[in-house]
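Keep in mind that this is a model prediction, so the values were computed, not measured. When reading the values below, keep in mind they use all heavy atoms of this one structure, side chains included, and skip hydrogens, waters and symmetry mates.
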Amino acid sequence: MGGTPFITVEGPIGVGKTSLAKAISEHFQFALLKEIVDENPFLGKFYDNIEEWSFQTEMFFLCNRYKQLGDINTDYLANNKAVVADYHILKNLVFAERTLSPAEFQKYVKIYDILTSDMPRPNVIIYLHASLETLLQRIRLRGREIEKNISPLYLEQLSIDYENAMNLFTEQHPDIPVLRFSGDDLDFVKNKEDLSQILDSLSLSLIKGAYHHES
C-alpha cells in the first residue's frame, strides 16, 4: 500500500456508499468517482426479471466501470490526485455470480480478468454492511423508481454474497486494509459523530499506509 490515495466504498444496495463517498470527498478534498447506475438501460428490466436480463445488465456495468477506472487512472492517479469511489470493481463478480448461469459466469469471468488486469488498486476499502430491514428502509427513503421492485430475498442474499466476497478479498489481499462499519450502528448521514468516527479511521489507515510506503 502507499502512493496517491485511492479509496473505494463498498457494500450492498441501499447501505449508503455514495453518501459516504461524497462526505469523504468533501472532507479530504479528493476527487469523487460515482458509478453509473441510472444510465444502465437494462437495470429496470433486470429487477423485474433477473434471469432474462442479467447478462446484459452485468456487461453494461463492467464495460462502463472499466472505462471509468481507466479515465480516473489517467486523469487523476497518474497525476498524484487522490480519488474516492463509491464502488470497487470486484462488485461486478459479486453480482454476476449471483445472477448469471454457470456457463454465462464462466465467460464473464474471462472478460472481467482481461479488462481488470491492469486497473488501479485501492489503498483502502471501506465496507459498509447492514441488516435487511435497514437496507429496505433506506431504499424506500431514497425513492428511486428503478429500485421499487427489488426483491427482499435478492437483497438479503446479496448481503451474504458481499460478506463472503469481502472476507475472501481480505484473505487474498492482506496489504489492502478493509475498514468495516455497520449501517445498523452508525448513521453517518444524520450523525456527525458517526461520520467523524469513519473519517478518523480512514485518516489513520492512510497515515499508516504512507509511513509503510516511505519506510
Side-chain angles (χ1 to χ4, degrees), residues 1 5-25 27-28 30-38 40 43 57-58 61-62 64-66 68-69 72-73 77 82-99 108-109 112 115-116 119-132 134-136 138-139 142 144 147 150 154-189 194-195 197-199 201-203 205-206 209:
M1 202 179 91
F6 177 32
I7 316 303
T8 62
V9 182
E10 260 303 348
I13 299 168
V15 78
K17 297 182 294 295
T18 301
S19 295
L20 181 56
K22 286 180 179 178
I24 293 170
S25 171
H27 180 80
F28 292 101
F30 291 172
L32 176 63
L33 174 64
K34 294 170 60 179
E35 68 172 331
I36 295 172
V37 177
D38 295 340
N40 190 327
L43 194 57
T57 301
E58 299 306 337
F61 278 135
L62 178 58
N64 276 273
R65 289 166 187 159
Y66 165 75
Q68 278 188 307
L69 288 172
I72 216 74
N73 192 37
L77 298 177
V83 176
V84 55
D86 67 354
Y87 71 91
H88 186 293
I89 194 70
L90 70 83
K91 77 180 303 172
N92 287 70
L93 294 180
V94 175
F95 282 82
E97 188 170 15
R98 172 57 46 192
T99 59
Y108 183 89
V109 169
Y112 174 93
L115 292 182
T116 62
M119 287 290 96
R121 300 172 68 208
N123 304 84
V124 180
I125 295 177
I126 296 178
Y127 170 47
L128 303 176
H129 54 93
S131 65
L132 178 61
T134 296
L135 295 177
L136 289 172
R138 291 181 179 176
I139 289 172
R142 69 186 185 187
R144 290 180 182 173
E147 294 175 344
I150 292 179
Y154 169 74
L155 192 59
E156 184 175 34
Q157 185 59 60
L158 181 63
S159 296
I160 296 172
D161 292 342
Y162 255 111
E163 187 69 22
N164 292 337
M166 295 311 303
N167 289 339
L168 180 61
F169 182 90
T170 301
E171 292 178 9
Q172 294 178 339
H173 303 278
D175 58 319
I176 301 178
V178 177
L179 308 181
R180 298 168 180 253
F181 299 98
S182 169
D184 298 326
D185 300 330
L186 301 176
D187 188 343
F188 51 83
V189 174
D194 288 349
L195 177 59
Q197 178 180 335
I198 296 175
L199 295 176
S201 295
L202 176 57
S203 295
S205 187
L206 290 173

Discussion item. Pair Asn64, Gln68 - check side-chain hydrogen bond (donor to acceptor under 3.5 Å, both in side chains), show working.
Written reply: CA-CA 6 Å; Asn64 276 273; Gln68 278 188 307; over 6 Å; no
Worksheet entry | Sub-4.5 Å side-chain heavy-atom contact between Leu158 and Arg98 | no
Worksheet item: Is the number of heavy atoms from other residues, nucleotides or ligands under 6.0 Å of Tyr66 OH greater than 12?
Response: no
Item to complete: Spell out, as yes or no, whether a donor-acceptor pair under 3.5 Å connects the side chain of Asn73 to the backbone of Leu69.
Response: no
Fill in: Between OG on residue Ser205 and CD1 on residue Ile126, distance to nearest 0.5 Å
8.5 Å
Practice prompt. Nearest 0.5 Å please: distance from the CG atom of Leu115 over to the CG atom of Leu62.
Written response: 5.0 Å
Worksheet item: What's the spacing between Tyr127 OH and Asn167 CG if we round to 0.5 Å?
Response: 7.5 Å
Worksheet, complete the sentence: What one should report as the nearest heavy-atom pair of Leu195 and Ala23 is CD1-CB, 3.8 Å
Practice prompt. Would you give the length of the straight line joining atom CD1 of Ile125 to atom OG1 of Thr8, rounded to the nearest 0.5 angstrom?
Written response: 4.0 Å
Item to complete: Flag the pair Thr170 / Arg180 as yes when at least one side-chain heavy-atom distance between them is below 4.5 Å, and no otherwise.
Response: yes
Worksheet entry | Side chain to side chain, Asp194 and Ile198, heavy atoms closer than 4.5 Å | no
Discussion item. Tell me which one of Leu202, Leu20, Val124 satisfies side-chain contact (heavy atoms from CB on, under 4.5 Å) with Val9.
Written reply: Leu20
Worksheet item: So His129 and Met166, side chain to side chain contact (heavy atoms under 4.5 Å, CB included) or not? Walk me through it.
Response: CA-CA 11 Å; His129 54 93; Met166 295 311 303; over 6 Å; no
Discussion item. Is any side-chain heavy atom of Phe181 closer than 4.5 Å to one of Ser201?
Written reply: yes
Fill in: Euclidean distance, Tyr112 OH relative to Glu58 CD, rounded to 0.5 Å
12.0 Å
Worksheet entry | Non-hydrogen atoms of Leu77 and Pro5 that approach each other most closely | CD2-O, 3.9 Å
Fill in: Closest approach of Tyr162 to Glu10 (non-hydrogen atoms, all atoms of both residues)
OH-OE1, 2.7 Å
Worksheet item: Taking all atoms of both residues into account, what is the closest heavy-atom pair of Asp86 and Ala21, and its distance?
Response: CB-CB, 3.8 Å
Fill in: For Val84 against Ser25, the heavy-atom pair lying closest together
CG1-CB, 3.7 Å
Worksheet item: Can you name the nearest heavy-atom pair linking Leu186 to Arg138, along with the distance?
Response: O-NH2, 3.7 Å
Worksheet entry | Stepwise side chain to side chain contact (heavy atoms under 4.5 Å, CB included) check, Asp175 with Arg121 | CA-CA 11 Å; Asp175 58 319; Arg121 300 172 68 208; 3.4 Å; yes
Discussion item. Run the ring pair (Phe, Tyr, Trp, His ring centres under 6.0 Å) test against Phe95 and tell me which residues pass, sequence neighbours left out.
Written reply: none
Worksheet item: Less than 4.5 Å apart, any side-chain heavy atom of Leu199 and any of Phe188?
Response: no
Worksheet item: Between the side chains of Glu97 and Tyr108, does any donor sit under 3.5 Å from an acceptor?
Response: no
Worksheet item: Would Ile13 and Leu135 count as a side chain to side chain contact (heavy atoms under 4.5 Å, CB included) if you check the C-alpha gap in whole Å, the side-chain angles of each, and the deciding distance to 0.1 Å?
Response: CA-CA 7 Å; Ile13 299 168; Leu135 295 177; over 6 Å; no
Worksheet item: Short question: side chain of Asn123, backbone of Phe6 - any donor-acceptor pair under 3.5 Å?
Response: yes
Worksheet item: How many angstroms lie between atom CG of Leu179 and atom CD of Gln197, to the nearest 0.5 angstrom?
Response: 11.0 Å
Worksheet item: Quick one: does Lys17's side chain get under 4.5 Å of His88's, heavy atoms only?
Response: no
Worksheet item: With side chains defined as the heavy atoms from C-beta onward, is the minimum distance between Glu147 and Arg142 less than 4.5 Å?
Response: yes
Fill in: Side chains of Thr99 and Thr57 in contact at under 4.5 Å (non-hydrogen atoms)
no
